Amino acid sequence: MQRRAPALGGPPGACDNTRLPGRAPVEDSCRLGVYCGKPLKHLLDQLGTGLPAFLREVGLPAYRARQVRHWLFAGRVSDFATMTDLPAALRESLATEFSLWTTEIAAHRQANDDTEKLLLQLADGNRIECVLIREGERRTCCVSTQVGCAMGCVFCASGLEGVVRNLSTGEILEQLLRLQQLLPQDERLSHIVVMGMGEPLANLDNLLPALEWATSPEGLGISGRRVTISTVGLPAALKRLATEKHPYHLAVSLHAPNDVLRSQLVPVNRSAGLADVVSAADEYFAANGRRLTFEYVLLGNLNDQPEHAKQLVGILRQRTAMVNLIPYNPVAGLPYQTPSGRAVDRFVEILQSAGVEVQVRVRKGDQIDAACGQLRRSLATTEPVTLS
Ligand code: SAH
């Protein structure tokens with residue numbers, strides 16, 4: 001069945017035939033090539049079943065889906081017209097059924113250390129952030145999973161206004177593809193850290209299919225072992241991940257070594273305390289055998305004292321785990337302080353002398369508000385720009 005190519009300049013996210021002059025709305029009539037106004041489906045949400053079903057419906061062979069996916073993930077194309085080994089009629093049909101991009105770039109920042117950050121505006125006007133980090137040969141992308149966050153960590157910019165909604169699988173994948181487009185053709189994304197805005201374990205149903213495509217040889221082909229999911233530690237979701245036996249590396253945001261302090265800094269701790277979180281993390285370790293990382297944001301004079309380090313040793317000494325210490329990255333309007341160099345050194349020394357492996361996270365992209373949620377807040381009202 002022949003479909004009309006979209007008129008140029010149509011609104012994002014809806015059939016561009018709406019722009020054809022003099023057409024009356026006719027429901028679901030794109031197939032006839034007339035005005036309809038029907039919303040386009042996000043192709044990146046339809047890769048598994050929607051795209052193959054569409055091809056069946058228009059009488060085309062299944063291998064066309066593989067070709068489309070190849071253009072998306074390996075070809076890095078920005079529109080259907082450049083998928084040159086597809087018949088022209090199919091390219092036109094795809095463009096009247098699916099949108100390829102649903103985001104616009106509201107801001108693009110580059111730091112001196114080559115870290116790049118995109119503020120993406122979603123079709124509904126909400127904004128999210130994603131980051132490309134270059135370190136030696138590594139090309140790491142940091143992606144968001146929600147608009148905002150419901151966990152309420154008191155020092156974090158992402159959750160200050162609560163959560164708005166989950167991102168779809170396509171919106172998570174689109175961040176990866178947008179970041180991939182920042183790389184020259186001979187460079188590939190090598191690692192994924194799910195450490196952007198949102199709590200990934202609160203949106204597993206959409207995150208896991210996105211990671212499937214990211215790690216599939218028919219997708220971005222990134223090794224599952226190079227994917228890190230950072231979570232505040234929701235025990236039920238951690239258990240689900242353990243049962244499903246994923247290869248992903250798990251980082252659990254602890255931030256305090258006892259329930260009183262953790263409940264103050266990470267309010268979700270009031271419903272599932274430290275013991276539950278750590279024991280669910282143990283289950284994940286038992287299932288996939290990968291050393292756990294525990295993240296610990298160091299807040300000056302709050303959780304960075306020797307007694308905190310000693311309590312942390314008590315939790316971690318017996319575990320196959322390492323601690324990632326993150327000196328607090330100041331968020332405008334929040335009262336917390338970056339720890340002194342001396343406090344960090346002392347903390348590290350106590351952990352190390354007790355045999356706990358520890359790393360202090362090097363801050364990347366400071367000048368571009370690279371910590372989660374910061375750019376979104378500082379640019380709450382700017383106009384989107386079009387990606388060239
Ligand atoms: N919801 C997930 C992902 C959050 S972002 C989680 O809780 O793990 C990744 C890490 O950055 C988390 O450990 C988070 O607590 C930490 N973080 C958030 N804001 C920060 C800030 N201003 N300075 C330093 N680390 C921060």
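Every number for a ligand or one of its atoms is a count from 1 in the order of the listing. Being a predicted model, the structure only gives us computed values, none of them experimental.
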Practice problem: Report yes if some heavy atom in the side chain of Asp304 is under 4.5 Å from a heavy atom in the side chain of Val344; otherwise report no. | Solution: no

Quiz item: Quick one: which of Cys149, Gly196, Cys156 has a heavy atom closest to atom 4 (C) of ligand 1?
Solution: Gly196

Practice problem: Between Val232 and ligand 1, find which residue part has any heavy-atom pair under 4.0 Å and reply side chain, backbone, both or neither. | Solution: both

Quiz item: Can you list the atoms of ligand 1 that are under 4.0 Å from a heavy atom of Ile326?
Solution: 24 (C), 25 (N)

Quiz item: Would you say Gly198 and ligand 1 have an N/O pair spaced under 3.5 Å apart?
Solution: yes

Practice problem: Assert yes or no for the condition that the ring centre distance of Phe80 to Phe98 is strictly below 6.0 Å. | Solution: no

Exercise. Any atoms of ligand 1 less than 4.0 Å from a non-hydrogen atom of Val331? List them with their elements.
Key: 22 (N)

Quiz item: Out of Ser144, Ser230, Ala157, whose heavy atom is nearest to atom 9 (C) of ligand 1?
Solution: Ser230

Quiz item: Just distances here: any N/O of Asn329 and N/O of ligand 1 closer than 3.5 Å?
Solution: yes

Self-check item: Counterpart residues, side chain to side chain contact (heavy atoms under 4.5 Å, CB included), relative to Ala81 (two or more places apart)
Solution: Asp79

Quiz item: Can we say Lys117 and Glu129 salt-bridge, meaning some charged N sits less than 4.0 Å from an Asp/Glu carboxylate O?
Solution: yes

Quiz prompt | Pair Arg165 + Asp124, salt bridge at N-O below 4.0 Å | solution = yes

Quiz item: Is the NZ or CZ atom of Arg178 both under 6.0 Å from the centre of the six-membered ring of Trp101 and within 45° of that ring's axis?
Solution: yes

Exercise. List every atom of ligand 1 that sits less than 4.0 Å from any heavy atom of Met195, numbering the atoms from 1 in the order shown and giving each element.
Key: 5 (S), 9 (C)

Practice problem: Under 4.0 Å from a heavy atom of Glu199: give me the atoms of ligand 1 that qualify, with their elements. | Solution: 1 (N), 2 (C), 6 (C), 7 (O)

Quiz item: Can you list the steps and then say if Arg240 with Asp205 is a salt bridge (Lys or Arg N to Asp or Glu O under 4.0 Å)?
Solution: CA-CA 11 Å; Arg240 169 181 163 189; Asp205 286 342; 2.9 Å; yes

Quiz item: Under a heavy-atom criterion of less than 4.0 Å, does Met197 contact ligand 1?
Solution: no

Quiz item: With a 4.0 Å cut-off on heavy atoms, is Met151 touching ligand 1?
Solution: no

Self-check item: Residue part near ligand 1, for Glu295, under 4.0 Å between non-hydrogen atoms
Solution: side chain

Quiz item: Of all heavy-atom pairs between Val232 and Val252, which one has the smallest distance, and what is that distance?
Solution: O-CG1, 4.3 Å

Quiz item: Any nitrogen or oxygen of Arg361, main chain or side chain, under 3.5 Å from a nitrogen or oxygen of ligand 1?
Solution: no

Exercise. Taking only heavy atoms of Ser253 into account, list the atoms of ligand 1 that are under 4.0 Å away from them.
Key: 6 (C), 7 (O), 8 (O), 12 (C), 13 (O)

Quiz item: Backbone, side chain, both or neither: what part of Thr231 comes under 4.0 angstrom of ligand 1, heavy atoms only?
Solution: backbone

Self-check item: For His246, all residues meeting side chain to side chain contact (heavy atoms under 4.5 Å, CB included), sequence neighbours excluded
Solution: Leu208, Leu241, Glu244, Tyr248, Tyr284

Quiz prompt | Shortest non-hydrogen contact from Pro52 toward Gly48 | solution = CG-O, 3.3 Å

Practice problem: Specify side chain, backbone, both or neither for His255, according to which of its non-hydrogen atoms lie closer than 4.0 Å to ligand 1. | Solution: side chain

